[in-house]
Amino acid sequence: EADLDTLLSRGGLIWMLAGAQYQTNIGYCIRVAEASGASGLIVTGEWTSDDRHRIVRAAMRTHRFMPVIFGCDGLAAIESWDGRVVAIEDVGTEEPWDADLTGDVILIIGGENAGISDELLATADQAIRIPMAGFTPSYNLQAPMAVVAVEALRQRR
């Protein structure tokens, strides 16, 4: 259990889902964040009690092992953060294995439809892109998160 200020003061690896809309995707992302050894996860936007119940169910209750902060403003959280900010977005210029994912870092994943807002993207110290091939130029939300989670875990060991 932690509030946003406590989570940010602890530092480490923190994930932010900025603009995610689908409860099941968010639940899966909580599982990925926990498996990556994250200090916590921030979910922007407004969520009802029923929404949070569906999210926790999809997360298979892994939220019990790290703080998950719902409903905060992503930009305000970044402004309170002393560490680095890394965005994972298709406008990125580096691949995950070329980025430094150690130390105090917030990794931002955008929503399913709109990605990371320009305003939030502008706060990033670095933007990384997941390589893609094929006709469909995007992955589901948790796929790029899993790629970066494994790389972050590798670098942090």
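For this chain, numbers begin at 1 and follow the sequence in order. Please read these numbers as outputs of a predicted model, since none were measured by experiment.
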So, using salt bridge (Lys or Arg N to Asp or Glu O under 4.0 Å) as the criterion, who are the partners of D100 when residues are at least two apart? R84
Reported CG-to-OG distance for the pair L8 and S80, which is rounded to 0.5 angstrom: 6.0 Å
Using side-chain heavy atoms (C-beta onward) and a distance below 4.5 Å, is R129 in contact with V91? no
Is there a path of hydrophobic side-chain contacts, each under 4.5 Å between heavy atoms of I/L/V/M/F/W/Y residues, joining L121 to M16? yes
I128 side, atom CD1; I130 side, atom CD1 - distance, nearest 0.5 Å: 5.5 Å
Please tabulate, for side-chain N and O atoms in residues 142-157, each donor-acceptor pair with protein atoms closer than 3.5 Å (sequence neighbours left out).
unit_1, atom_1, unit_2, atom_2, d
E151, OE1, R154, NE, 3.1
E151, OE2, R154, NE, 3.3
E151, OE2, R154, NH2, 2.6
E151, OE2, Q155, NE2, 2.8
Q155, OE1, L101, N, 2.7
Q155, NE2, A99, O, 2.9
R156, NH1, L101, O, 2.6
R156, NH1, G103, O, 3.1
R156, NH2, G103, O, 2.9

Taking side chain to side chain donor-acceptor pair (under 3.5 Å) as the definition, give me every residue that meets it alongside E89, ordered by chain and number, with sequence neighbours left out. none
State whether the number of non-hydrogen atoms from other residues, nucleotides or ligands found under 6.0 Å of D82 atom CG is greater than 12. no
Are Q126 and E94 close enough that some pair of their side-chain heavy atoms sits under 4.5 Å apart? yes
Partners passing side chain to side chain contact (heavy atoms under 4.5 Å, CB included) against R54 (at least two apart in sequence or in another chain): Q23, D50, D51
According to the salt bridge (charged side-chain N to carboxylate O under 4.0 Å, His left out) rule, which pairs have a member within residues 27-47, sequence neighbours left out? none
My understanding is that only residues two or more places apart in sequence, or in another chain, count here; which of them pass side chain to side chain contact (heavy atoms under 4.5 Å, CB included) with D5? D3
Do L141 and V86 belong together in a cluster built from hydrophobic side chains that touch within less than 4.5 Å? yes
Does any part of the side chain of W15, heavy atoms only, come nearer than 4.5 Å to the side chain of L13, both counted from C-beta? yes
Quick one: side chains of residues 58-75, donor-acceptor pairs under 3.5 Å with protein atoms, not counting sequence neighbours, listed by atom name and distance.
unit_1, atom_1, unit_2, atom_2, d
T62, OG1, A59, O, 2.9
R64, NE, R61, O, 2.8
D73, OD1, L75, N, 2.9
D73, OD1, A76, N, 2.7

Heavy-atom side-chain contact between I14 and L41 under 4.5 Å: no
Residues in side chain to side chain donor-acceptor pair (under 3.5 Å) contact with W97, at least two apart in sequence or another chain: E95
Does I26 share a hydrophobic cluster with V32, counting links as ILVMFWY side-chain heavy atoms below 4.5 Å and allowing steps through other members? yes
Spatial distance of atom CG (D90) from atom CE (M132) [nearest 0.5 Å]: 5.5 Å
Report the distance from atom CD1 of I88 to atom OH of Y139, rounding to the nearest 0.5 Å. 13.0 Å
Who passes side chain to side chain donor-acceptor pair (under 3.5 Å) against T123, sequence neighbours left out? none
With hydrophobic residues grouped by side-chain heavy-atom distances under 4.5 Å, do L4 and V85 end up in a single group? yes
Ignoring hydrogens and angles, write down the donor-acceptor pairs under 3.5 Å from the side chains of residues 104-118, residues two or more places apart or on other chains.
unit_1, atom_1, unit_2, atom_2, d
D104, OD1, G12, N, 2.7
E112, OE1, Q21, N, 2.7
E112, OE2, Q21, N, 3.4
E112, OE2, Y22, N, 3.3
E112, OE2, N25, ND2, 3.1
N113, ND2, Q21, OE1, 3.1
S117, OG, L120, N, 3.1

